[in-house]
Amino acid sequence: MTTIKLYNTKTRKKEVFTPLKADDVRMYVCGPTVYDRAHIGNARPVIVFDVLYRLLQQVYGKDYVTYARNFTDVDDKINARAAETGRTIREITDETIGWYLDDMGALGNLEPDHAPRATEYIPEMVAMIELLISKGFAYFEDSPRLHNQPPAKYVVLDESKLPRHALFEVRTYEQYGRLSGRTLDEMIAGARVEVANNKRDPMDFVLWKPSGEGEPGWDGPKSQGIEAGRGRPGWHIECSAMSHKLFGKKFDIHGGGLDLAFPHHENEIAQSCACYGEDSFAQVWMHNEMLQVEGKKMSKSLGNFFSVRDLIDQGYPGEVIRFVYLGTHYRKPMDWTNKKAKEAEATLRKWRALTEGVEPTRAIDAEVLRAISDDLNTSGAISVLHQLARQEDKELLLASAQFLGLLTDEMLDPAWKVPEELETYVEHRGTVEALIAKRKEARLAKDFATSDKIRDVLLAAGVELKDISLTEVEFKITRDFNPAKLESLK
Ligand code: AMP
Ligand code: ZN
């Protein structure tokens with residue numbers, strides 16, 4: 001069997017990967033908070049762990065690997081988005097999850113076997129918090145009135161019923177800091193911790209917090225006659241509770257972006273090991289480095305902040321985007337540049353032309369497998385693909401590229417087959433978009449004769465429309481795009 005080596009953040013070493021059970025390999029990856037389109041940084045862990053998922057499937061067999069990636073659908077940023085837009089939380093999270101799956105699919109990622117939503121696991125989180133309290137690792141804040149002051153005119157008859165926070169007490173968990181290999185005091189010195197008077201230690205973190213009116217809330221944990229009351233879970237407890245429900249006490253790999261290593265993953269470990277024992281939870285911890293744009297941190301104020309959908313809308317086929325990501329090892333910072341995208345496009349065009357009509361071999365190239373098995377050396381694997389292309393080893397090139405999620409039929413963008421048509425479209429994009437806008441106005445004015453006419457002309461010119469609502473429309477440029485046929489409407 002192929003030997004897989006993975007870098008384990010916890011031991012800071014590249015180790016031979018030995019699953020707990022070779023016929024039940026389990027991987028959990030922290031997924032997105034769903035209130036907006038995924039930005040191109042968010043796509044990095046998805047692609048990295050998709051490659052790992054494919055590798056595990058290749059080595060252990062498709063039926064013996066389970067991949068879970070959660071959706072954080074309870075979060076203050078989601079509440080804020082709902083308040084800003086006047087829409088319900090569920091509308092926002094459902095829509096964002098749909099976008100996320102579409103956008104990640106467009107980049108050639110397989111869907112995980114489980115995609116748990118936090119809000120569907122609240123009872124499991126509550127049970128875990130209650131267990132932590134009963135074991136002495138967590139506590140209810142002492143004086144809830146300090147933070148949830150009831151108006152003075154009310155007399156509180158039963159203090160045990162006041163809504164209150166539950167917190168994890170880091171000093172009770174001796175191993176806190178195992179992942180980063182730092183002591184609690186070193187962490188306090190390096191972190192910007194919020195000092196709050198309901199905490200016994202500034203590093204204690206929230207397991208449960210009270211919800212105000214209009215905020216989402218559920219019945220909270222209860223213990224020894226005290227009830228936390230209506231509230232919502234903190235972020236960290238969600239991954240501990242969901243991975244436990246899906247995978248049990250122990251599983252193989254836990255992944256996410258490097259920004260999650262502290263405090264999120266440190267806190268997940270503390271909660272899960274405090275509940276279920278020292279050797280429980282994930283055996284191997286993996287983290288991808290961050291993505292930058294043209295050498296700079298991505299930020300809205302620098303104007304270099306893109307969503308995956310922005311790139312696709314700019315005309316980058318998903319396969320080109322994926323290829324750029326695979327060019328950098330996951331433990332190195334990655335730079336998105338237009339130059340890299342242009343080069344990726346040229347390479348993929350060549351490989352597509354070379355392998356057209358070819359049947360892939362059943363096995364993939366041994367060198368490609370070796371590179372990926374060596375801590376996901378994707379850039380090494382791409383060098384091997386270049387070599388196969390130079391040797392015109394078409395069948396092996398196709399099979400090995402498909403293993404990495406490239407050159408697959410699903411990734412065949414119309415732009416690959418008909419480059420001239422797409423270029424023509426880019427030239428005439430303004431006209432098409434103006435006609436779509438004109439049709440929207442006609443629909444709003446209930447002038448369906450005009451709107452139908454525009455639709456027919458666009459279709460005759462090779463632009464297919466799909467109405468989503470009265471004002472929203474999706475469109476697709478077909479291979480028969482012919483701008484001359486738009487003339488009659490100009
Ligand atoms: P979030 O929705 O912010 O919790 O992020 C979802 C995932 O994207 C997490 O695994 C993050 O670590 C990862 N992530 C966020 N920003 C970047 C970035 N610039 N580069 C790479 N990964 C990122
Ligand atoms: Zn997580």
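Both ligands and their constituent atoms are indexed starting at 1 by order of listing.
Near Asn288, with a cut-off below 4.0 Å to any heavy atom, the atoms of ligand 1 are 21 (C), 22 (N). Near Leu291, meaning under 4.0 Å from one of its heavy atoms, ligand 1 places the atoms 18 (C), 19 (N), 20 (N), 21 (C). Every atom of ligand 1 with a heavy atom of Thr33 under 4.0 Å away is listed here by number and element: 2 (O), 4 (O).
Neither the backbone nor the side chain of Val29 has a heavy atom within less than 4.0 Å of ligand 1. Proximity of Gln292 to ligand 1, defined as any heavy-atom pair under 4.0 Å, is not found for any part of the residue.
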- [ ] Show your reasoning for whether salt bridge (charged side-chain N to carboxylate O under 4.0 Å, His left out) applies to Asp76 and Lys209.
- [x] CA-CA 11 Å; Asp76 289 349; Lys209 60 179 157 189; 3.4 Å; yes
- [ ] Start with the C-alpha gap between Lys340 and Glu343, add the side-chain angles, then the distance that decides, and say whether salt bridge (charged side-chain N to carboxylate O under 4.0 Å, His left out) holds.
- [x] CA-CA 5 Å; Lys340 282 187 190 172; Glu343 285 165 6; over 6 Å; no
Open item on the list: Go through it in stages, so that I can follow the logic: the residues are Phe306 and His39, the test is ring pair (Phe, Tyr, Trp, His ring centres under 6.0 Å), and I'd like the CA-CA distance, side-chain angles, deciding distance and then a yes or no.
Closed with: CA-CA 6 Å; Phe306 310 113; His39 61 65; over 10 Å; no
TODO: Mind running salt bridge (charged side-chain N to carboxylate O under 4.0 Å, His left out) on Glu15 and Lys5 for me, showing each step along the way?
DONE: CA-CA 5 Å; Glu15 297 168 346; Lys5 286 188 184 158; over 6 Å; no
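Using the six-membered ring where Trp is involved, Phe168 and Phe137 have ring planes that are parallel, under 30° apart on the 30 and 60° scheme. Taking the six-membered ring where tryptophan is involved, the planes of Phe251 and Phe247 are tilted, since the angle between them lies from 30° to 60°.
For atom 22 (N) of ligand 1, the closest heavy atom belonging to the protein is Gly41 O, 3.1 Å. Nearest non-hydrogen protein atom to atom 17 (C) of ligand 1 is Met290 CE, 3.3 Å. If you check which protein heavy atom lies closest to atom 13 (C) of ligand 1, you get Pro45 CG, 3.7 Å. Nearest protein heavy-atom neighbour of atom 11 (C) of ligand 1: Asp259 OD1, 3.4 Å. Looking only at protein heavy atoms, the nearest one to atom 16 (N) of ligand 1 is His39 CE1, 3.3 Å.
The N, O or S atom of Glu268 with the smallest distance to the Zn ion (ligand 2) is OE2.
Cys30 lies close to the Zn ion (ligand 2), since one of its N, O or S atoms is found at a distance under 2.8 Å.
More than 12 heavy atoms of other residues, nucleotides or ligands sit less than 6.0 Å from atom CG of Asp102.
An angle of 120° is found at the Zn ion (ligand 2) between His264 atom NE2 and Cys239 atom SG, rounded to 10°.
Glu289 counts as a contact of ligand 1, since one of its heavy atoms falls under 4.0 Å from the ligand.
Aromatic ring centres of Trp208 and His165: separated by at least 6.0 Å.
A donor-acceptor contact closer than 3.5 angstrom is absent between the side chains of His265 and His236. In this structure, a donor-acceptor pair under 3.5 Å is absent between the side chains of Asn377 and Tyr330.
Between Gly257 and ligand 1, an N or O atom pair is found at a separation short of 3.5 Å.
Nearest to atom 15 (C) of ligand 1 by heavy-atom distance, out of Ile47, Asn42, Leu260, is Asn42.
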